[in-house]
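Here is the structure we will look at.
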There are 2 protein chains.
Amino acid sequence: MPTIKYYLREGLLPAGVLTSPNQAHYDDGHLRRLRLVRALVDVGGLSIAAVREVLTAVDTNEESMHHKLGAVQEAISQPATGELDPIAVKDVQAFFDRHGEFEFFGVDESNVTGMLVSALSAARSVGHDHFPELLDSYMEAMRIVARADLEYIARRTSSDDIIEAMVIGTLIGDAVLKAVRRVAHAEVSREAMDTD
Amino acid sequence: MPTIKYYLREGLLPAGVLTSPNQAHYDDGHLRRLRLVRALVDVGGLSIAAVREVLTAVDTNEESMHHKLGAVQEAISQPATGELDPIAVKDVQAFFDRHGEFEFFGVDESNVTGMLVSALSAARSVGHDHFPELLDSYMEAMRIVARADLEYIARRTSSDDIIEAMVIGTLIGDAVLKAVRRVAHAEVSREAMDTD
DNA sequence: GATAGTAGAGAGTGCCGCTATCCATATAGG
DNA sequence: CCTATATGGATAGCGGCACTCTCTACTATC
C-alpha cells in the first residue's frame with residue numbers, strides 16, 4: 001500500500017477520483033494499470049523512470065499510431081552501455097544491410113541498434129569475434145517469433161489494447177524466450193549426445 | 001581502477017602474483033576475467049553476487065562437466081519473482097509435458113521453470129491469459145537458436161572454453177535475441193501492412 | 001634520503017526503490 | 001455531538017548495492 005502511494009507520487013498511476021477531500025476512488029482501470037507497472041518492473045526489469053517513459057508514450061493521444069508504437073518500442077529497449085567497438089558497428093550495419101533493414105535502424109539512431117552493438121562489442125571484448133555469425137540464424141528464429149507475436153497482438157481491437165499488448169508481449173515475451181531458450185538448449189544438447 | 005580493487009576484494013578477480021609486498025603482477029588471464037565480469041554485469045545485467053556465483057561455478061574443478069554446466073545454467077538464470085499463479089504453473093507443466101522435458105525441468109526445481117512461471121503469472125495478472133498459446137512457436141524458434149548456439153559452442157576444444165562460451169553465449173545471446181526480435185517485429189509488421 | 005607509487009582494508013557516497021511518519025480532514029460508531 | 005479510526009497528501013528516512021575515497025604501510029626509483 002505505501003508502494004501505491006509512491007507510484008502515485010511518481011506519476012505512474014493516475015490519481016483517483018476524489019469523492020471527498022480525503023477519499024479517493026480507484027476503479028478497475030487503476031488496478032489494471034498497477035498490475036501493468038508491476039509487470040514492467042518485475043518481469044521487464046525496467047526502472048521506475050523507464051516505466052514512466054513507457055506509460056507516457058502509451059498515454060499520448062496526439063501522435064499517430066505508427067509514431068506511438070515507435071516511441072513505446074524505444075522506451076522498452078534500453079540504450080547501449082559500455083564502450084562500442086567500431087567493428088561491432090560494422091557487423092551490425094552488415095546485418096541490417098543483409099536484411100534490408102538498414103534504412104529503419106540506422107546506427108546511432110535507435111536503442112535497438114545500440115543494444116545490438118553493445119552486446120556484440122562485449123562479445124568481442126571477451127574474445128568472441130565470431131559471434132555475429134549467429135545473427136542470421138537468430139533472425140530466422142525471430143521471424144517465427146515475430147509472426148506469432150503479431151498474430152497474438154492482432155486479436156486486439158482497440159488501439160489502446162494493441163499498444164498495451166505490444167508492451168507486455170514484448171517484455172514478458174523477452175523473459176519467456178530466455179527461459180524457453182534454456183529448455184531448447186537442454187533438448188538440443190541431449191539430441192546431440194544421443195547421436196554421438 | 002578503484003573498481004578493479006573492489007572486484008578483487010569481492011573475490012571476482014583472482015589476486016595478482018605478488019612480485020614484492022606492494023607490487024602485484026596481472027597477466028592476460030586477469031584482463032580476460034575482468035572483461036568477462038564486465039560483460040556479465042553490463043550485458044547480462046547480473047548483480048555482483050550473481051557474477052560471483054557464476055564464476056565459482058565456472059572455476060570449480062571437482063564436479064563433472066555435466067554437473068558444472070547445470071550449475072552455471074542455474075547461476076545465469078534469475079529465480080522467480082512476484083507471486084506465482086497456479087494456472088501458470090499448470091501451463092508450464094503442460095508445456096514441458098508436450099515437449100518431453102518434464103523430467104528435466106520439474107516445477108520448483110530449477111530457475112528456468114521459475115522464470116517461465118513468473119513471466120506467465122505476470123501475463124495473467126494483466127489479463128493476458130492466452131499468452132501460453134505462444135509457447136510452442138517460441139519453442140520452435142528457440143530450437144533453431146539452440147542448434148546455432150550448440151554449433152557455436154562445439155567449436156571450442158578445452159572444457160574451460162566450453163563453459164565460458166556457454167556463459168557468454170547465453171547471456172550475450174539473450175541480449176542479441178532481444179534486439180533481433182525487435183528488428184524482426186519491424187520486418188514482419190511491414191510485410192503484414194503490405195499484404196493488407 | 002626524498003618522492004612517488006602501489007597493495008590492502010575500512011569507511012564513505014550516491015542512487016534507487018521503497019517505507020515510515022506526520023498532519024489535516026472526514027467519515028463511522030456510540 | 002464527540003471520539004476513534006482511517007485516508008490523502010507531503011516530507012523525511014531507510015536499506016541495499018555498486019562503487020569510490022581515504023588512510024596506512026611499504027618499497028622501488030631518482
Side-chain angles (χ1 to χ4, degrees), chain A residues 1-31 33-56 75-83 118 122 125-126 171 175, chain B residues 1-31 33-56 75-83 118 122 125-126 171 175:
Chain A
M1 201 65 170
T3 308
I4 294 175
K5 289 173 109 178
Y6 167 66
Y7 289 166
L8 284 166
R9 242 177 300 141
E10 293 294 318
L12 302 187
L13 301 174
V17 182
L18 284 179
T19 57
S20 66
N22 70 335
Q23 254 343 57
H25 181 251
Y26 299 95
D27 59 13
D28 285 0
H30 287 89
L31 188 56
R33 174 53 62 94
L34 175 60
R35 293 224 173 95
L36 176 60
V37 171
R38 294 306 323 170
L40 297 188
V41 169
D42 286 345
V43 181
L46 266 61
S47 68
I48 299 297
V51 170
R52 186 167 34 230
E53 265 183 73
V54 171
L55 294 179
T56 54
I76 58 182
S77 308
Q78 295 100 3
T81 55
E83 52 200 44
S118 36
S125 83
V126 288
L171 286 176
Chain B
M1 200 67 169
T3 309
I4 294 175
K5 290 172 107 178
Y6 167 66
Y7 288 167
L8 284 167
R9 242 178 300 145
E10 293 295 317
L12 302 187
L13 301 174
V17 182
L18 285 178
T19 56
S20 66
N22 70 336
Q23 241 4 40
H25 181 250
Y26 298 95
D27 59 14
D28 284 0
H30 287 89
L31 188 56
R33 175 52 64 95
L34 174 60
R35 293 225 174 95
L36 176 60
V37 171
R38 293 307 322 171
L40 297 187
V41 169
D42 286 345
V43 180
L46 267 60
S47 69
I48 298 297
V51 170
R52 185 166 34 230
E53 265 183 72
V54 171
L55 294 180
T56 52
I76 59 181
S77 307
Q78 295 100 4
T81 57
E83 52 200 45
S118 39
S125 83
V126 288
L171 286 174

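Scope of the values below: all heavy atoms of this structure, side chains included, with no hydrogens, waters or symmetry mates. Sequence lines set the chain letters: A, B, ... in the order given, protein chains first and strands last, and positions in each chain run from 1. Worth saying up front: this structure is predicted, and the values here are computed from it rather than measured.
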Residue list, side chain to side chain contact (heavy atoms under 4.5 Å, CB included) with B:D27, at least two apart or on another chain: B:H25, B:H30
Per-nucleotide protein contact string for nucleotides 13-24 of chain D, where B marks a base within reach and S marks sugar-phosphate only (heavy atoms under 4.0 Å, - for neither): -----BBBB---
Length of the CG-P vector between B:L8 and C:dG10, whole Å: 15 Å
Got a list of side-chain donor-acceptor pairs under 3.5 Å for residues 38-53 of chain B, not counting sequence neighbours?
from: B:R38; atom 1: NH1; to: B:Y7; atom 2: OH; distance (Å): 2.3
from: B:R38; atom 1: NH2; to: B:D42; atom 2: OD1; distance (Å): 3.0
from: B:S47; atom 1: OG; to: B:A50; atom 2: N; distance (Å): 3.1
from: B:R52; atom 1: NH1; to: B:E10; atom 2: O; distance (Å): 2.8
from: B:R52; atom 1: NH1; to: B:E10; atom 2: OE1; distance (Å): 3.1

Nucleotide D:dG9, atom C1' - distance to CG of A:L13 in whole Å: 15 Å
Straight-line distance of A:L34 CG to A:D28 CG, nearest 0.5 Å: 12.0 Å
Nearest-0.5 Å distance that lies between atom CG in B:L12 and atom CD1 in B:I4: 12.0 Å
Rounded distance [0.5 Å steps], CG in B:L36 versus CG in B:L31: 11.5 Å
